[in-house]
Amino acid sequence: QVRLVESGGGLAQPGGSLRLSCAASGSITRISAMAWYRRTPGNQRELVASITTGGSTNVADSVKGRFTISRDNAKNTVYLQMNSLKPEDTAVYYCNTIPYFPSYWGQGTQVTVSS
């Protein structure tokens, strides 16, 4: 059974930074591409950033230049470094494979950007 546990969210001021972590129960970070998604109430999940097994990364235009995705296969952990945060970044952030597995969704971690 795969478990993905997100952490690191919290309250940040505009222009501030947060670092999110996604801890996986298995070795999926090595055998599968991984991604960060985010969701606000009433909205579908949005793909924020992804990283392939080879280390190639992509980020959404809305966060380009501000967010960076990385991984540590030894720890089966994926990270999202979030800099220059904006109020519109406020959302619940989730990690999953890409393409995603519906059963892999965890509880996510809340990120709130506000003065």
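For the pair Val111 and Leu18, the minimum side-chain heavy-atom distance is below 4.5 Å. Residues Ile98 and Met34 form no side-chain contact, since every pair of their non-hydrogen atoms from C-beta on lies 4.5 Å or further apart. Under the 4.5 Å side-chain criterion, counting only non-hydrogen atoms from C-beta, Thr109 is in contact with Leu20. The side-chain heavy atoms of Ile69 and Val78, taken from C-beta on, include a pair separated by under 4.5 Å. Between Asn73 and Lys75, the closest side-chain pair of non-hydrogen atoms is not below 4.5 Å. Looking only at side-chain heavy atoms (C-beta outward), Arg39 and Tyr93 stay at 4.5 Å or farther from each other. Side-chain contact between Pro14 and Ser115 is present, with heavy atoms from C-beta onward closer than 4.5 Å.
Residue pairs meeting the ring-ring contact (aromatic ring centres under 6.0 Å, His included) criterion with at least one member in residues 20-79, sequence neighbours excluded: Tyr37-Trp105. Among residues at least two apart or in separate chains, disulfide bond (SG atoms under 2.5 Å apart) pairs with a member in residues 15-106 are Cys22-Cys95. Sequence neighbours left out, not one pair with a member in residues 3-32 passes ring-ring contact (aromatic ring centres under 6.0 Å, His included).
The environment of OH in Tyr104 is crowded: more than 12 heavy-atom neighbours from other residues, nucleotides or ligands sit within 6.0 Å. The number of heavy-atom neighbours closer than 6.0 Å to CD of Gln107, taken from other residues, nucleotides and ligands shown, is 12 or below.
For Arg19, there are no salt bridge (Lys or Arg N to Asp or Glu O under 4.0 Å) partners two or more places apart in sequence or in a different chain. For Arg30, there are no side chain to side chain donor-acceptor pair (under 3.5 Å) partners, not counting sequence neighbours. Considering only residues two or more places apart in sequence or on other chains, Glu46 meets the salt bridge (Lys or Arg N to Asp or Glu O under 4.0 Å) condition with Arg38.
The two atoms that bring Leu85 and Ala12 nearest to each other are CD1-CB, 3.7 Å, heavy atoms only.
Ionic pairing of Lys86 and Asp89 is not present here: no N-O contact between side-chain nitrogen and carboxylate oxygen is shorter than 4.0 angstrom.
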